Amino acid sequence: MVSKKNKMNTIKKIKSQSLTRFLLLIAIIVFINIFSQYYFKRFDLTEDNRYSLSNSTKEIIKSLEDVVYVKIYLEGDLPAGFRKLKESTKEMLDEMIAVENKNIEYQFINPFESVNLKEKDEIIRQLSIKGLEAVNLEVMEDNRKIQKIIFPSALISYRNHELPLKLLKQQIGVSSQQQLHNSIVGLEFGIISTIKKLTTVDRKNIAFISGHGELNKDETIDIFNTLSHQYNVKRINLPKYKVGILDKFDLIIIAKPDSTFSELEKYKIDQFVVKGGKVIWFVDKLLAEIDSLARTGVTSTLDYPLNLNDMFFKYGIRFNNNLVQDINCHLIPVMTTKGQPQRDFRPWTFYPIAFPTSEHPIVNNLNAIWFRFANSIDTIGSNKIKKTVLLQSSDKSKYVNHIARISLQQINEPINPNLFYKGPQTLAVLVEGKFTSLFKNRIPRKLLESGQYGEFVEKDKGTKMIFVSDGDIIRNQISRVKEEKYPLGYDRFANQTFGNKNFALNAVDYLLDGSGIINLRTKQFKLRILNKTKIKEQKLKWQIINLVLPIIFLIFFGLIYNILKKRRYTK
């Protein structure tokens, strides 16, 4: 039998060992905390690496010279989807803060906390002026439906400048769950691209070309002002300047010209391209305008005499002499006389709506794009030139060839789906490669030596261009009566916003961005949707597994532990 003295010694020994283990554990914890202050490492164990920032994001964050302050207007009593967006935004900002630089701070704000109705209206007005867009929701509260205004947006400021960031990416024809998912996926790109716009010092130069009936200042005011946040943007009357005027620009935008380009003007653009300049062409091949239809009720197409076909062919592009019609189309307002005169909306197949399906960063997860009297594009020529289709009409499309007679009476006729059998029509194409000058062996040596044509360059070092078959893509609406200019992509009659503005901005960023940030738009997370049928059928089973089994396990573990402890100390 074990003596009482030996028993006491055993107990003391056990206590001593326990104390030693405890002190060792404390020492390890203290060491880890001290070590973590000098060495920091995070591990992303998710399958799709959703918490891993790109190298370009890390480089921009590390290069910050001052504090970037982010105010997020998602606070207070929010619906479940917006709470998820809030948490994802917080997680993304925390990930950015975790990168060595501490120059990012953020705050969540409830803009309507402790305000009366009058103050609320003023806050909405002020936030709208700053560029934040409100979402009007209908939610249930105390068994009744109420309207709730939420600003799923942020204001990002750096030094003396600030820019708005829309956190919720709304998309036509996409479920609210998928929109929320796409918004969360796009957080890194949205935040870091806005920070880059605020912190860029060495800005690139963009020119809007004029002199051939292009869209005027008022018609492009929104895209012009938005691009000015990140780039130096000017308007250049091409016919007035000598060869070489474009050399100081990195990108030119040609938006809906309607008159002839002379050979000298084409030469100016040609030399800009072969020297590596980027171009976005927003071109209407045929004249067909809704304004003339509204006045007369009927019109026929006219061919714009642009004199650019040979240039386009050299670049591997052909704008066809037709107008695309699509069952997936926008509406046009018409006045009805039944009773009181009022505005009605009818489908207009000459207004195709292109839903982006490509995963290219320019259009990935983008909202639908609104086209007006667009023509189809063919890609032709050398395989050495890379051509990427960015936008197409739906598979329920057709086209009418020039000369086409268009009548407003068509809105009163039922749409016959059997007539829309031509399949998807290409509406926007990205072209990348090296091009030879259109004017190779075409200009006499005497003219070249005269100085009028500058220093001729025959082959380029590689460039990129985007061709879009509708100039109205970047035209913002204007109210002549109210003297008001609306955001690009917003239809003031239907009160609907399309993705035209983001498409134009992404196109510019892709052509000019050397940091690779635009590629973040191709980042994908898996959307894991719960099976609602299984949830309903197996609800009781999973309630038992999650609520009852843990309790049973704890009771069982406690009993086993007590039995083992009793046996140990009895010995």
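All of these numbers come straight from a predicted model, not from anything done at the bench. Below, all heavy atoms of this structure are taken into account, side chains as well, without hydrogens, waters or symmetry copies.
The structure places NZ of K62 at 7.0 Å from NZ of K58, a figure rounded to the nearest 0.5 Å. Once rounded to the nearest 0.5 Å, the distance linking CD of Q170 with CD of Q496 reads 10.5 Å. Rounded to the nearest 0.5 Å, atoms OG1 (T199) and CD1 (I192) are 8.0 Å apart. The CG atom of L155 sits 8.0 Å away from atom CD1 of I109, with the distance rounded to the nearest 0.5 Å. Between atom CZ of residue F272 and atom OG1 of residue T463 there is a gap of 7.0 Å, rounded to the nearest 0.5 Å. The structure places CG of L64 at 8.5 Å from CD1 of I60, a figure rounded to the nearest 0.5 Å.
A cation-pi arrangement is found for R235 relative to F208, the charged atom lying closer than 6.0 Å to the ring centre and inside a 45° cone about the ring normal. The side-chain tip of K86 points at the ring of F108 from less than 6.0 angstrom away and within 45° of straight on. A cation-pi geometry, defined here as NZ or CZ lying under 6.0 Å from the six-membered ring centre and within 45° of its normal, does not hold between K204 and Y231.
Take S394 and apply the side chain to side chain donor-acceptor pair (under 3.5 Å) test, not counting sequence neighbours, and it matches D326. For the salt bridge (charged side-chain N to carboxylate O under 4.0 Å, His left out) test, no residue two or more places apart in sequence or in another chain qualifies with E105. With sequence neighbours left out, the salt bridge (charged side-chain N to carboxylate O under 4.0 Å, His left out) criterion links D247 to K275. Residues satisfying the ring pair (Phe, Tyr, Trp, His ring centres under 6.0 Å) test with Y510, not counting sequence neighbours, are H360. With sequence neighbours excluded, no residue forms a salt bridge (charged side-chain N to carboxylate O under 4.0 Å, His left out) with D491. Applying the side chain to side chain donor-acceptor pair (under 3.5 Å) test to E214 and every residue at least two apart in sequence or in another chain returns H212.
Between K485 and D222, no side-chain nitrogen of the basic residue sits less than 4.0 Å from a carboxylate oxygen of the acidic one, so the salt-bridge criterion is not met. Using a 4.0 Å cut-off between charged side-chain N and carboxylate O, R159 and E65 make a salt bridge.
Put simply, the side chain of F503 reaches to within 4.5 Å of the side chain of V468, judged on heavy atoms. Taking the side chain as every heavy atom from C-beta outward, F112 and I124 approach each other to under 4.5 Å. Under the 4.5 Å side-chain criterion, counting only non-hydrogen atoms from C-beta, F371 is not in contact with D472. With contacts defined as side-chain heavy-atom distances shorter than 4.5 Å, the pair I195/Y158 does not qualify. Within the 4.5 Å cutoff, no side-chain heavy atoms of I156 are placed close to those of K197. You'll find the side chain of L391 reaches within 4.5 Å of the side chain of P356, heavy atoms only. For the pair I223 and L505, the minimum side-chain heavy-atom distance is below 4.5 Å.
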E122/R125 under salt bridge (charged side-chain N to carboxylate O under 4.0 Å, His left out): CA gap, chis, key distance, verdict
CA-CA 5 Å; E122 178 60 21; R125 189 185 70 84; 2.8 Å; yes
Stepwise, does the salt bridge (charged side-chain N to carboxylate O under 4.0 Å, His left out) test hold for E59 with K196?
CA-CA 11 Å; E59 288 172 7; K196 187 173 184 296; over 6 Å; no
Test log, rule salt bridge (charged side-chain N to carboxylate O under 4.0 Å, His left out), inputs K387 and E432
CA-CA 6 Å; K387 307 177 189 77; E432 301 171 275; over 6 Å; no
Pair I209-I253, side-chain contact (heavy atoms from CB on, under 4.5 Å): steps then yes or no
CA-CA 6 Å; I209 299 301; I253 297 174; over 6 Å; no
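With V429 as the fixed residue, the side-chain contact (heavy atoms from CB on, under 4.5 Å) test singles out one of L390, T388, I466, I317: I317. Results of the side-chain hydrogen bond (donor to acceptor under 3.5 Å, both in side chains) test with Y490 over N476, N495, N500 single out N495 as the only residue that passes.
There is a side-chain donor-acceptor pair under 3.5 Å between Q107 and Y69. Between the side chains of S54 and E188, a donor-acceptor pair is found at a separation under 3.5 Å.
Aromatic ring centroids of Y315 and F435 lie under 6.0 Å apart. Aromatic ring centres of F498 and H330 lie closer together than 6.0 Å.
For S393 (side chain) and Q425 (main-chain N/O), a donor-acceptor pair under 3.5 Å exists by modelled atom type.
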